[in-house]
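A short worksheet on the structure shown next.
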Amino acid sequence: MEGLLVMSAKERERLKIFLRVKRGELQQKEAATLCGLDYRHLRRLYQRYCKQGDRGVVHQGRGQPSNRARSAEFKGAVLARYQERYPDFGPTLAAEKLTLDGLAVDHETLRGWLMKAGLWQRRRKRKRHRSWRERRAHFGELVQLDGSHHRWFEKRAGQCCLMNMVDDAQGTTLSWLAEEETIFAAMKLLWVWIERYGIPQSLYTDKKNVYVIDEKTRQIAAESGLEVLTQFGRACKQLGIQIITAHSPQAKGRVERNHGIYQDRLVKELRLAEIGTIEAGNEFLHSNYCDHINQKFAVAPRARADYHRSAAGYDLASIFCIEEERSVTTDWTVRFANQHYQLQPLHKAAVGKGTVLVRRYLNGELHFCYRDRDLPYTLLPERPKPKTVVNKKNKRRSVSISEPYVPPANHVWRSFQFGKGPPWAR
């Protein structure tokens, strides 16, 4: 046989079996069992081997174009559309967008075309160096929460933060765009999650002071026997949500890898939709984008039971807020954020004393809660002046605290002062 004959490992083993059949060591039925083929199909292959020799063992379609191969015109149209509209898209995402444009192509086929044309390079996969942790079994058993700072709007706007929640068991994700990773942004995202799915059993976060207090404050609180919580931690405690902190970014790898999906896909989607503001971005996220991501990447949990609890009976607006205590004066005035407020007590004769709980809602509203009841209030234009003290001996005369008392000219004390004696002695 002339030339070089290329065979696969399976074809080489098949050639050895055919040689044994040719020498009479095996029957064709036994050879079919060893090759894992049907007897009639093996007979056809063996007859071709007897006619063509070793070349008859090689697959007849090797080196030939596939019968299902796309035409050169279609391939050129796909590559032209890719370079025109999706030059930095990955093959998977680009295949989805090309399908919407009427150019349906498999992502692996597109990957091969792009690599052959020099428009895409295979990414190096890094070695794993950490132990694998199994997913939780139930939906809502553990939800990972983190923020990702990125130029989500590219040059159309500045850098902002994407708050992202990912369920550990199912991979369901929900996100919210904000300027920074703040308490307000974390509370808003958790509020949206609860309205959609329910109250999760626990949250997996990092050690930012948005979620938990720092180590030094925690030690001081432990020594004093007090419980110190952040505003977000206080809200989670009221809802019965346990906060678990991660010691490294790799520990909460589900949400970290989900950041990569958003940074790859969401940036391009916002560009195609010509969105450049946080408000429009959140509307885009919660219209159908998060649902589309969940349909594509979420998996079925190992257990059917849903560990989310119903939020019925909870006033989420009063829970997801900034809570602070302030002293209330006897005339029912309170100072908060360098402003003075006049509270209206439930009873006119009531005297203010103790503390009042000031709640600043996420929408900016202020609520003053005194003994578990919200009191109406008005904003005072200036700081209240101290009242004058009334002399009990002479109620007709009121004396200011700042002014000293000066006796009148005919006062009896003045007669003693000048040596004239009392009036009855003159």
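The structure presented is a predicted model; accordingly, all values stated were derived computationally and were not measured.
Of all heavy-atom pairs between Asp146 and His259, the closest is OD2-NE2, 3.2 Å. Considering all non-hydrogen atoms of both residues, Pro301 and Gln170 come closest at CD-OE1, 3.5 Å. A pairwise comparison of heavy atoms in Gln342 and Asp331 identifies NE2-O, 2.9 Å as the closest pair. Closest of all the heavy-atom pairs between Arg309 and Pro200 is NH2-O, 4.2 Å. For the pair Ile278 and Ala178, the tightest heavy-atom approach, listed with the atom from each and the gap, is CD1-C, 3.9 Å. Between Val255 and Gln144, the shortest heavy-atom contact is N-OE1, 3.1 Å.
Residues in residues 56-74 take part in these salt bridge (Lys or Arg N to Asp or Glu O under 4.0 Å) pairs, two or more places apart or across chains: Glu11-Arg62.
In this structure, Glu96 pairs ionically with Lys296, as a charged nitrogen and a carboxylate oxygen lie closer than 4.0 Å. For Lys97 and Asp101, the salt-bridge test fails: no basic side-chain N is under 4.0 Å from an acidic carboxylate O. Under a 4.0 Å N-O distance rule, the pair Glu154/Arg271 qualifies as a salt bridge. Ionic pairing of Lys216 and Asp214 is not present here: no N-O contact between side-chain nitrogen and carboxylate oxygen is shorter than 4.0 angstrom. Looking at Lys10 and Glu13, no side-chain N of the basic residue comes within less than 4.0 Å of a carboxylate O on the acidic one, giving no salt bridge. Residues Asp167 and Arg135 are not paired through a salt bridge, judged by the lack of any N-O separation under 4.0 Å between the basic side chain and the carboxylate. Using a 4.0 Å cut-off between charged nitrogen and carboxylate oxygen, Glu256 and Lys252 count as a salt-bridge pair. Salt bridge status for Asp168 with Arg133: present, with a side-chain N to carboxylate O gap under 4.0 Å.
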Please test Thr172 against Asn294 for side-chain hydrogen bond (donor to acceptor under 3.5 Å, both in side chains), starting from the C-alpha separation and ending with a verdict. CA-CA 5 Å; Thr172 301; Asn294 292 330; 4.9 Å; no
Show your working on salt bridge (charged side-chain N to carboxylate O under 4.0 Å, His left out) between Arg196 and Asp291 and close with a plain yes or no. CA-CA 12 Å; Arg196 180 172 294 192; Asp291 296 335; 3.4 Å; yes
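In the model, Thr245 has no side-chain atom that pairs as donor or acceptor with a side-chain atom of Asp206 under 3.5 Å. In summary, the side chains of Glu141 and Ser202 do not present any donor paired with an acceptor at a separation below 3.5 Å, with no hydrogens or angles considered. For the residue pair Gln231 and Arg234, a side-chain donor N or O sits within less than 3.5 Å of a side-chain acceptor on the partner. Checking Tyr262 against Thr173 by side-chain atom types alone, a donor-acceptor pair falls below 3.5 Å.
By the neighbour-count criterion of 12 heavy atoms within 6.0 Å, atom NE2 of His59 is sparsely surrounded, having that number or fewer from other residues, nucleotides or ligands.
Note on ring orientation: taking the six-membered ring where Trp is involved, the planes of Trp152 and His150 are perpendicular (angle over 60°, cut-offs 30° and 60°). Ring-plane geometry between Tyr211 and Phe232 is classed as perpendicular, the angle between the planes exceeding 60 degrees on a 0 to 90 degree scale with a lower cut at 30. Between His286 and Trp176, the angle of the ring planes lies from 30° to 60°, which puts this pair in the tilted group. Ring geometry, Phe18 versus Tyr46: the interplanar angle exceeds 60°, so the pair is classed perpendicular (tilted spans 30 to 60°).
For Gln263 (side chain) and Ile261 (main-chain N/O), no donor-acceptor pair under 3.5 Å exists by modelled atom type. At distances below 3.5 Å, at least one donor-acceptor pair connects side-chain atoms of Tyr377 with backbone N or O atoms of Leu366. Looking only at distances, no side-chain donor or acceptor of Arg20 sits under 3.5 Å from a matching main-chain atom of Leu26. Using a distance-only test at 3.5 Å, with no hydrogens or angles considered, a donor-acceptor pair links the side chain of Thr99 to the main chain of Ala95. A side-chain donor-acceptor contact under 3.5 Å links Arg156 to the backbone of Ile275. No side-chain donor-acceptor contact under 3.5 Å links Arg265 to the backbone of Gly260.
The cationic atom of Lys268 (NZ for Lys, CZ for Arg) lies less than 6.0 Å from the six-membered ring centre of Phe89 and within 45° of the ring axis.
Between Phe336 and Tyr341, the distance separating the two ring centers is not shorter than 6.0 angstrom. If you look at Phe139 and Tyr197, their ring centroids are closer than 6.0 Å. Ring pair Tyr82/Trp113: centre-to-centre distance not below 6.0 Å.
At least one side-chain heavy atom of Leu45 sits under 4.5 Å from a side-chain heavy atom of Arg14. Side-chain contact between Arg360 and Glu365: absent, with no pair of heavy atoms (C-beta onward) separated by less than 4.5 Å. When side chains are defined from C-beta on, Lys188 does not count as touching Phe320, because their heavy atoms never get closer than 4.5 Å. With a 4.5 Å cut-off on side-chain heavy atoms, Arg373 and Leu346 count as touching. Leu343 is not listed as a side-chain neighbour of Tyr370, based on a closest heavy-atom distance of 4.5 Å or more. Taking 4.5 Å as the limit, every side-chain heavy atom of Thr182 sits out of range of all side-chain heavy atoms of Met187. Using a 4.5 Å cut-off on side-chain heavy atoms (C-beta onward), Cys290 and Ser175 make contact. Between Leu379 and Gln339 the shortest side-chain heavy-atom distance falls below 4.5 Å.
Taking His107 as the reference, nothing meets the ring pair (Phe, Tyr, Trp, His ring centres under 6.0 Å) condition, with sequence neighbours excluded.
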